[in-house]
Amino acid sequence: MTARDPFVLAAFQYLGPNGTVGAGWYEEEDRSADFLTLGHWTSLARRLDEAGFDFLFLADSHGWPAVDGQPHPAAVREGRGVPQADPVTVISALAAVTERLGFVVTSSTTVERPAALARRLATLDHFCSGRLGWNIVTGSNGASAAALMGEDLISHDLRYDMAEDYLELCLGLWEGTWRTDAYRRDPSTRTWADPDGVRALTHEGPYFRSHGILNLPPSPQRTPLLVQAGSSGRGLAYAGRNAEAVFVAGGDPLVVARRVAAIRRAAADAGRDPRSVKVLAGVMLLAAETSAEAHARHTRMLERSTLQGAAAVFAGNTGVDLLQFPLDRPLPPDLTTDQGLSNLQRYLGTPEQPGPTVAQILEDFRTTGLNGTVIAGDPEEVVDGAVAFADATDVDGFLLQPDLVPGTFEAVADLVVPVLRERGLAREAPTGATLREHLFGEGHRWLAGDHHGSGRRWVAPAEV
Ligand SMILES: Cc1cc2nc3c(=O)[nH]c(=O)nc-3n(C[C@H](O)[C@H](O)[C@H](O)COP(=O)(O)O)c2cc1C
């Protein structure tokens, strides 16, 4: 084993009945159906905070798995993607009951105007004392989200072009409208802020415009930690230029390794240190006291996963309803989508080398879901598996997927984290106060100097 930094550890959740492959909300020990009660979230956040997780990730989509504009029946019946509540609303409450846990919240660049989101996230970063991150998505379940908003689905690459402009505008407000020494709150001179240190942004982008200020003092991180998860070619380029943390789906380590290398290359192409992007793989660590118990849990999880539910989740992500294709044949190799491309491309062959049949795709997706890898075993086995996966792929850490909530995370906290600590692979104590410092070390409160957003910063003369 090579010497490595401690892993970044995060927990995956959305505001709905969770579960990764198959739903488990109806099991007695699963509490995820309580997602509309605040107590469910505060107790989970406290638990993750005490265990030393770096952050809680809250996924989101305005859309839902749809067939011909109507909710996919299996999604509604099984509670997969329907329902899903707005995650931003819960974060202030979680910040109030935690000391150091970060919160990465998903918000799409296709729904809301950028200045409105920039203001909300800056407010929230204050309330979180600088522990906020933004997962920038161009929107999965895109067709139903667009239909909900009364709009047409924007084509895949255009969505990323718009997302560039969207982020530029946000960065302009966060970094450029308040000089770093402008906020005073000085009773002796009755000066709230230096009027010479606050100025309006002029943003005339190809898709978005703004002439205004961030109407609150910059938050502890100025720009919340920037996170991204798209894996298409265009998604990788966006990540390389903009993201400080990237989520990749788990799965075949060779495929993940290629993706991680491509992200680091894209960062280097954008003039950044390739290690200034923390890459986290979405995997499930399924730990129990004994190996047999962990594998029995894994078997039960797979038994709960239905083909219909898998088809619903796949349709939600890619816009492709597998059940409408002949089961005994591969998908047409030229099939494409304006929704999530990566999960479709995962199963496409070429005219020379056909891909798996639709029946095989359904079975694979039923057992692996959107995020691929399950490492099951006793605590030592799980840590060995996680280290082997990280060695093979060059990921910096893990976005832990749930089977049962909060059981999967409790098992990691109680059984896995102590072994990681023994081996120097999990932090004993947080580095710094803000989420960016947790990931990059003390003193890294703001965007790094080689990130283009730092060039937007209005720096006080004394600090230049
Ligand atoms: C671990 C992980 C988490 C994701 N979370 C979200 C999410 O919360 N909301 C969303 O719309 N897409 C989410 N995605 C999907 C991507 O952001 C992206 O929309 C999708 O991969 C399609 O982009 P692409 O065509 O560039 O691959 C996630 C992907 C991964 C791997």
Side-chain angles (χ1 to χ4, degrees), residues 8 10-16 18 20-21 55-65 81 84-88 103-112 133-146 148 153-164 226-243 245-251 255-256 259-260 262-263 266 278-284 313-320 336-348 368-373 393 395-402:
V8 178
F12 178 102
Q13 288 281 276
Y14 66 93
L15 266 65
N18 272 261
T20 302
V21 290
F55 61 87
L56 168 62
F57 166 61
L58 297 174
D60 192 32
S61 172
H62 284 271
W64 61 87
Q84 187 158 356
D86 185 334
V88 173
F103 303 98
V104 173
V105 69
T106 301
S107 194
S108 169
T109 52
T110 56
V111 173
E112 194 172 3
W134 171 27
N135 179 34
I136 310 168
V137 298
T138 58
S140 61
N141 293 310
S144 54
L148 173 70
L153 178 63
I154 304 164
S155 63
H156 183 269
D157 287 7
L158 178 58
R159 284 204 302 272
Y160 276 111
D161 290 345
M162 294 174 73
E164 289 283 0
L226 301 175
V227 182
Q228 210 266 344
S231 292
S232 60
R234 195 63 188 79
L236 292 175
Y238 191 91
R241 178 167 147 78
N242 300 306
V246 178
F247 301 141
V248 292
V255 176
V256 177
R259 218 163 251 181
V260 176
I263 291 165
K278 298 286 183 194
V279 185
L280 275 66
V283 306
M284 187 181 296
V313 174
F314 192 85
N317 185 271
T318 62
V320 173
T336 189
T337 177
D338 263 333
Q339 297 199 44
L341 259 182
S342 350
N343 273 300
L344 181 60
Q345 284 169 346
R346 181 174 158 189
Y347 293 119
L348 293 182
T368 59
L370 286 171
N371 284 311
T373 301
T393 57
V395 295
D396 301 288
F398 300 101
L399 176 64
L400 299 184
Q401 308 292 311

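Side chains included, hydrogens not; waters and symmetry mates left out as well; all remaining heavy atoms used. One-based numbering, in listed order, for ligands and for the atoms of each. This one's a predicted model, so the numbers in the text were calculated from it and none came from an experiment. This chain uses plain numbering: 1 for the first residue, then up along the sequence.
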Peer 1: With respect to Asp60, determine whether any N or O atom, backbone or side chain, lies less than 3.5 Å from an N or O atom of ligand 1.
Peer 2: yes

Peer 1: Using modelled atom types only, decide if a donor and an acceptor are shared between the side chain of Ser144 and the backbone of Trp64 within a distance under 3.5 Å.
Peer 2: yes

Peer 1: Please write down residue, atom name and distance for the protein heavy atom closest to atom 24 (P) of ligand 1.
Peer 2: Ser232 OG, 3.5 Å

Peer 1: For ligand 1, which atoms sit closer than 4.0 Å to a heavy atom of Phe247?
Peer 2: 1 (C), 2 (C)

Peer 1: Does Phe57 reach ligand 1, in the sense of a heavy atom lying below 4.0 Å from it?
Peer 2: yes

Peer 1: Counting only N and O atoms by type, is there a donor-acceptor contact under 3.5 Å from the side chain of Asn317 to the main-chain atoms of Val313?
Peer 2: no

Peer 1: Is the Phe247-Phe57 ring centre distance short of 6.0 angstrom?
Peer 2: yes

Peer 1: Please check this pair: side chain of Tyr238 against backbone of Ala163, looking for a donor-acceptor N/O pair closer than 3.5 Å.
Peer 2: yes

Peer 1: With rounding to the nearest 0.5 Å, note down the distance linking CG in Leu56 to CD in Gln13.
Peer 2: 6.5 Å

Peer 1: Tell me, which protein residue and heavy-atom name are nearest atom 22 (C) of ligand 1, and how many Å apart are they?
Peer 2: Gly340 CA, 3.6 Å

Peer 1: At a 4.0 Å threshold, what atoms of ligand 1 neighbour a non-hydrogen atom of Ala249?
Peer 2: 31 (C)

Peer 1: Any N or O of Gln401 that comes nearer than 3.5 Å to an N or O of ligand 1?
Peer 2: no

Peer 1: Is the backbone of Asp157 close enough, under 3.5 Å, to the side chain of Ser155 for a donor and an acceptor to pair up by distance?
Peer 2: no

Peer 1: Nearest protein heavy-atom contact for atom 11 (O) of ligand 1: which residue, which atom, what distance?
Peer 2: Ser140 N, 2.8 Å

Peer 1: With nothing but distance in play, are any N or O atoms of Gln339 less than 3.5 Å from an N or O of ligand 1?
Peer 2: no

Peer 1: Which atoms of ligand 1 are found less than 4.0 Å from any heavy atom of Thr106?
Peer 2: 7 (C), 8 (O), 9 (N)

Peer 1: Within the structure, does His156 bring an N/O atom to less than 3.5 angstrom of an N/O atom in ligand 1?
Peer 2: yes

Peer 1: Determine yes or no for a side-chain-to-main-chain donor-acceptor pair under 3.5 angstrom, with Thr318 supplying the side chain and Leu344 the backbone.
Peer 2: no

Peer 1: Roughly how far apart are Gln228 CD and Thr138 OG1, rounded to 0.5 Å?
Peer 2: 7.5 Å

Peer 1: Record the part of Leu399 in heavy-atom contact with ligand 1 below 4.0 Å; permitted values are side chain, backbone, both and neither.
Peer 2: side chain

Peer 1: To the nearest 0.5 Å, how far apart are CG in Asp60 and OG in Ser108?
Peer 2: 9.0 Å

Peer 1: Return the closest protein heavy atom for atom 6 (C) of ligand 1 as residue, atom name and distance.
Peer 2: Asn135 ND2, 4.0 Å

Peer 1: How far is atom 18 (C) of ligand 1 from its nearest protein heavy atom, and which residue and atom name does that atom have?
Peer 2: Gly230 CA, 3.9 Å

Peer 1: Please could you name the atoms of ligand 1 that Ser231 approaches to less than 4.0 Å, counting only its heavy atoms?
Peer 2: 24 (P), 26 (O), 27 (O)

Peer 1: Before you tell me yes or no, could you show the steps for Leu15 and Asp86 under side-chain contact (heavy atoms from CB on, under 4.5 Å), namely the whole-Å CA-CA distance, both residues' side-chain angles and the distance that decides it to 0.1 Å?
Peer 2: CA-CA 7 Å; Leu15 266 65; Asp86 185 334; over 6 Å; no

Peer 1: Hey, is Ser61 touching ligand 1 through its side chain, its backbone, both or neither, going by heavy atoms under 4.0 Å?
Peer 2: neither

Peer 1: Return the closest protein heavy atom for atom 13 (C) of ligand 1 as residue, atom name and distance.
Peer 2: Val137 CG1, 4.0 Å

Peer 1: If you have a sec, work out which protein heavy atom is nearest atom 23 (O) of ligand 1 and how many Å separate them, to one decimal?
Peer 2: Tyr160 OH, 3.4 Å

Peer 1: Once you round to the nearest 0.5 Å, how far does OG of Ser107 lie from CG of Asn135?
Peer 2: 9.5 Å

Peer 1: Without swapping roles, check the side chain of Gln401 against the backbone of Leu399 for a donor-acceptor pair under 3.5 Å.
Peer 2: yes

Peer 1: Among the heavy atoms of Tyr14, does any lie under 4.0 Å from an atom of ligand 1?
Peer 2: no

Peer 1: Does Gly282 come within less than 4.0 angstrom of ligand 1, counting non-hydrogen atoms of the residue?
Peer 2: no

Peer 1: For the atom pair CZ (Arg159) and OG1 (Thr110), what is the distance rounded to the nearest 0.5 Å?
Peer 2: 7.0 Å

Peer 1: Are any of the N/O atoms in Thr138 less than 3.5 Å from those in ligand 1?
Peer 2: no

Peer 1: What protein heavy atom is closest to atom 15 (C) of ligand 1, reported as residue, atom name and distance in Å?
Peer 2: Ala229 O, 4.4 Å

